[in-house]
Amino acid sequence: MASKTTVIHWFRKGLRVHDNPALVRAVEEAISRKSYFRAIFMLDPGILSWMTVGPNRWRFLQETLSDLDENLKKINSRLYVIRGNPNETFPKLFKLWNVELLTFEHDIEPYSIERDEIVKNQAEKFNVEVIEEYSLTIFNPELVVQKNRGSTPMTYQKFLSVASELKVPQPVDNPTKLPNSCIPELDKNELKDEEVYDVPTLEQLGVNSSEISEYSRFPGGETEALRRMNEKLKDVKFICEFEKPNTSPNSLEPSTTVLSPYLKFGALSARLFYQKIKEVYRGRKHSSPPVSLEGQLIWREFYYTVAATTENYDRMVGNKICTQIPWKTNPKYLEAWKNGRSGYPFIDAIMRQLKQEGWIHHLGRHAVACFLTRGDLWCSWEDGVKVFEEFLLDADWALNTGNWLWLSASAFFHQYYRVYSPIAFGKKTDPEGKYIKKYVPELRKYPSGSIYEPWKVSLENQKKYGCVIGTDYPHRIVIHEDAMKENLSRMKAAYAKKKVDVEETPQGKRKADSPKGNTSKKAATKQRNSLEKYFKK
DNA sequence: AAAGTGTTGGAGAT
DNA sequence: ATCTCCAACACTTT
């Protein structure tokens, strides 16, 4: 039937029209080849076999897709949402639409790489050209590793120095408006109703809308992402003086930008945000990485680079950068932590905010992550990753995993004796306990002097404040002072074992009588060498 | 071999 | 607000 050919841009992450090189390329090619242009997104049910998406992130994705559809209409196009597994669906689409070119943004997650390999093979079979562009991060991990002579920079400072030698890619312009000749007419034979390609409603995504009534704080979408970014950029003092450790984990209004959910879905381009921050800095005194706002974006770059080059990055076993620690499975502890019922009001407030709103401050993440793992509950960081993955709007495979590796002192960070106190830490920025009162309302009548430690209040006063510990609010599941001491010794043992294990690796001949001072140095050198070898493909 | 550094600890002193 | 100490890690620089 010699029908006109089609150029497809496949959205996965990068759910935006701005700074989207693969989209721009597809539009340009469609125009020059006089082909139809279609932008697609695939709802892949397979993703649920390996990740949990809570109702709030479904909501955020749904809003992001709706907004993307609207923004594509401004260039005379629309979004086609395809229900199905990419590997099964693409061959059908290639045939149905007579596809000659497919473009998408390259991703680094193992799941994506595997999926894309299959799709690329299918494309070859159907004689479909594939163009991948890179726009996920500012610095392409491949180029970073190349610049570092084949090894991954494993410290932030090292990453900074390597990145400083790389060219910073500038955002690309929005795609031009498509001529009518590129707009496909509805083929009556293909499907009876164009509506099957519409952005799904929440109900169609299997989300009960009554479940999401309270999640209105951060709407999804590129339009909201750009609005939020521009609003933050107006506050020059905030941008220039930003120092992460001085922001508050427990203010009632977020003390940081909350642009992370938009970066996660690619509704906001990291390259654009980076450029905008630099524009505000220009000619002004400003803070510096790692604590500055620019530094926060570079943390994202750092974790993406390590994630892209580390085998079994999201697991302890088989992960060469991860200290092997004998965590214990404890469903009771895990459930209490997850549901904000640990008995520590500061911890519970954070976990409840996470579940309700899908975003918590970075330092709040530190406090609850330390608590779950090396600080108090001795549960695996992998358990924590899964809970964050379910609830966080910004749950990002590379970043979420990286932060858990850090906080559990499994990689990157090693000063395991620095433990966050579930009582003292929050008091520094919220001595009144207003944050606790908001998210753990059963404690709202407790005075500021005891709201962080309600178990210390006499039963008489507990009754007076309308919240009896053990009845209306749980007893603390562990005694922090004791748990911390025990866990410190467990960490010490795990680190000592690592040292010995590295020392006994096959390529190294161990000197049984070598002085102790030498041991750590030798072990460290060996580990570094083996890592470098490992990263050189 | 030793000193310095590492995004953001806590407690107690000044 | 800034100091020391706690008991002390990995890794980099000198």
Side-chain angles (χ1 to χ4, degrees), chain A residues 148 151-162 241-251 255-256 287-303 306 320-325 346-347 350 360-371 373-376 399 402-403 405-429 452-453 480-481 483-485 487-503 514-532:
Chain A
N148 198 37
S151 76
T152 304
M154 293 300 292
T155 66
Y156 186 87
Q157 294 303 330
K158 187 73 186 164
F159 184 91
L160 268 185
S161 76
V162 175
E241 292 178 11
F242 187 97
E243 289 192 347
K244 189 62 156 283
N246 296 337
T247 58
S248 165
N250 47 6
S251 51
S255 60
T256 51
S287 52
S288 301
V291 296
S292 64
L293 201 54
E294 175 195 0
Q296 303 314 301
L297 269 178
I298 296 177
W299 278 104
R300 179 173 179 273
E301 303 290 314
F302 171 67
Y303 283 135
V306 180
K320 291 201 167 92
I321 68 167
C322 180
T323 305
Q324 305 297 301
I325 297 168
F346 177 60
I347 299 297
I350 296 167
I360 50 177
H361 185 278
H362 189 65
L363 291 177
R365 302 181 196 201
H366 277 218
V368 298
C370 182
F371 187 85
T373 58
R374 65 188 169 87
D376 294 83
L399 277 54
N403 278 318
L405 283 165
W406 185 290
L407 258 300
S408 62
S410 298
F412 312 115
F413 172 83
H414 310 280
Q415 290 156 294
Y416 58 76
Y417 40 84
R418 293 191 179 175
V419 178
Y420 288 87
S421 162
I423 298 146
F425 187 67
K427 283 186 184 172
K428 288 192 287 191
T429 41
Y452 282 85
E453 301 167 277
H480 172 67
E481 298 79 354
M484 181 185 65
K485 271 188 197 132
N487 293 342
L488 271 174
S489 68
R490 287 165 161 167
M491 288 302 289
K492 194 175 175 177
Y495 268 69
K497 186 173 184 304
K498 174 169 77 165
K499 219 181 255 182
V500 171
D501 286 351
V502 171
E503 184 75 2
S514 67
K516 197 181 178 275
N518 247 354
T519 309
S520 105
K521 171 77 181 192
K522 283 179 87 117
T525 308
K526 253 170 219 162
Q527 190 187 26
R528 193 165 56 246
N529 289 344
S530 76
L531 276 177
E532 274 171 11

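Quantities reported herein were computed from a predicted structural model and do not represent experimental measurements. Proteins get letters first, then strands, A, B, ... in listed order; numbering begins at 1 in each.
By the 30° and 60° cut-offs, the orientation of the rings of A/Tyr303 relative to A/Trp299 is tilted.
You'll find that the side chain of A/Gln415 is closest to C/dC9, out of C/dC9, B/dT7, B/dT8. Across C/dA10, B/dT8, B/dG10, the shortest atom-to-atom separation from the side chain of A/His362 is found for B/dT8. Out of C/dC9, B/dT7, B/dT8, the shortest distance to the side chain of A/Tyr495 is found at C/dC9. Out of B/dG9, C/dA8, B/dA11, the shortest distance to the side chain of A/Phe425 is found at B/dG9.
In this model, the phosphate group of B/dT7 is approached by a side-chain N or O of A/Gln157 to a distance below 4.0 Å at OP1 or OP2. When the side-chain nitrogen and oxygen atoms of A/Lys492 are compared with OP1 and OP2 of C/dA7, none of them lie within a distance under 4.0 Å.
With centroids closer than 5.5 Å and planes inclined by less than 30 degrees as the test, A/Trp299 and the base of B/dT7 pass as a stacked pair.
Per the geometry, CD belonging to A/Gln324 stands 15 Å off P belonging to C/dA10, to the nearest Å. One can place CH2 of A/Trp406 at 12 Å from C1' of C/dC11, the figure rounded to the nearest angstrom. Rounded to an integer number of Å, the gap from NZ of A/Lys320 to P of C/dA10 is 19 Å. As a whole-Å value, the separation of A/Lys428 NZ from B/dG10 C1' is 8 Å.
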